[in-house]
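Everything below concerns the one structure shown next.
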Amino acid sequence: MLRLLTSSCTRGLGSGVATWRPSVGLLSPGHPRIRQVSDASDAPHHQSPGSESLVQLVGVCSMMRLPLQSSPEGLDAAFIGVPLDTGTSNRPGARFGPHRIREESVMLGAVNPSTGALPFQSLRVADLGNVNVNLYNLQDSCRLIREVYQNVLEAGCIPLTLDVCCFLSAGGDHTLTYPILQAVAKKHGPVGLVHVGAHTNTTDRTLGEKVYHRTAFRRSVEEGLLDCKRVVQIGIRGSSKTLDPYRYSRSQGFRVVLAEDCWMKSLVPLMAEIRQQMGGKPLYVSFSIDALDPAYAPGTGAPEVAGLTPSQALEIIRGCQGLNVVGCDLVEVSPPYDLTGNTALLAANLLFEMLCALPKVTTV
């Protein structure tokens, strides 16, 4: 059973563990029910409702107003929050990212006119709440995250991490990608990786510690979780203690695309090359919001100037459409530094784009 921690929800009677209750049990009188659409097998699909009703904007908070569930059974894709910032090296606050992203997601629509994607007519999607991490023990948090994602993947669900069958995850600092990749590799073997972020996260250790957000991909390489010939890191930039901070990534076979190589240009040609490189094998997408220039996304723990634009972020994610994506995460949103909410709003939209890019999503 998944151990899920809820925010803006009620606890089950007689239980010390908070669990999401189905959203239909939380609707006010007169509130329109979640619409259902069916595929050829007549299996019900959860549909993101409209945003006309006030109660949908101020009521219980779930990603895109989707049903809240405690189990991944029967789902094709799921949004999962990982409220973890114990592994951050600079400004804390990413533990609040999943909640703020959910708040900003309430105005998102159910279809993508730009790509023609119809995710809710193609997949059964719900919000599985938050992983019940241990904020006082990073190693234990990694264990809890790994166990939750193993359960989700065993159910045939693609996770989309908030920081199909797939998951979309929202974090949380980038440490969380390491235990998620442990769970993903257990099911799929070594996977390709499209990592979008300002930092390579391949540091060996800091202050004697080998697990925190800047070591996630180094540990993943050491454990054989990544197919290193199919790893691309996009948007890398910033000052460093050495003149060649990308040496480790390149020595492992990663393709490192620096931010300055992306300035003032479309990334559609780059994604065409990456699509060919990834082929039809399993692929994981990890997107740190610090990939974006802080003019667009100031609410993050370690911002770096001269980053990507939101339109380039869309080109990257849309460029993954049709690939064998087995999981995604959006991490490093830190609401205390996001005074306008723009960072969380951008993150919510990027997660929706990830959902639209998942396998089996119908396009018109």
Salt bridge between [X] and [Y], side-chain N to carboxylate O under 4.0 Å?
X: Lys187; Y: Glu154; result: no
X: Arg102; Y: Asp127; result: yes
X: Glu147; Y: Arg143; result: yes

Do [X] and [Y] have side-chain heavy atoms sitting under 4.5 Å apart?
X: Ile145; Y: Leu84; value: yes
X: Asp204; Y: Tyr248; value: no
X: Leu138; Y: Thr175; value: yes
X: Arg255; Y: Arg250; value: no
X: Leu193; Y: Val232; value: no

Taking atom [atom1] of [X] and atom [atom2] of [Y], what is their separation to the nearest 0.5 Å?
X: Gln139; Y: Lys210; atom1: CD; atom2: NZ; value: 10.5 Å
X: His99; Y: Arg95; atom1: NE2; atom2: CZ; value: 15.0 Å
X: Glu304; Y: Arg237; atom1: CD; atom2: CZ; value: 6.0 Å

Assess the pair His213 and Tyr178: is the distance between their ring centroids shorter than 6.0 Å?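 That pair fails the under 6.0 Å test.
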Under a 3.5 Å cutoff, is there a donor and acceptor pairing between the side chains of [X] and [Y]?
X: Thr115; Y: Gln321; result: no
X: Tyr212; Y: Ser89; result: no
X: Gln233; Y: Ser249; result: yes
X: Tyr284; Y: Asp329; result: yes
X: Asp290; Y: Ser288; result: yes
X: Glu332; Y: His174; result: no

Count the heavy atoms of every other residue, nucleotide or ligand shown that sit under 6.0 Å from CD of Glu260, and state whether that count exceeds 12.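 Yes, CD of Glu260 has more than 12 neighbouring heavy atoms, counting only those of other groups under 6.0 Å.
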Taking CZ in Arg205 as the centre, count heavy atoms belonging to other residues, nucleotides or ligands within less than 6.0 Å. Is the count above 12?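 For Arg205, atom CZ is crowded (more than 12 foreign heavy atoms under 6.0 Å).
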Would you say the side-chain atoms of [X] pair up with the backbone N or O of [Y], donor to acceptor, closer than 3.5 Å?
X: Arg275; Y: Gly319; value: yes
X: Thr363; Y: Ala117; value: no
X: Glu104; Y: Ile101; value: no
X: Asp293; Y: Tyr296; value: no
X: Ser334; Y: Pro92; value: yes

Taking a hydrophobic cluster as the set of Ile, Leu, Val, Met, Phe, Trp and Tyr residues connected by side-chain heavy atoms closer than 4.5 Å, whether directly or through intermediates, do [X] and [Y] fall within one such cluster?
X: Leu314; Y: Leu267; answer: yes
X: Ile316; Y: Val257; answer: yes
X: Val221; Y: Val184; answer: yes
X: Val211; Y: Val131; answer: yes

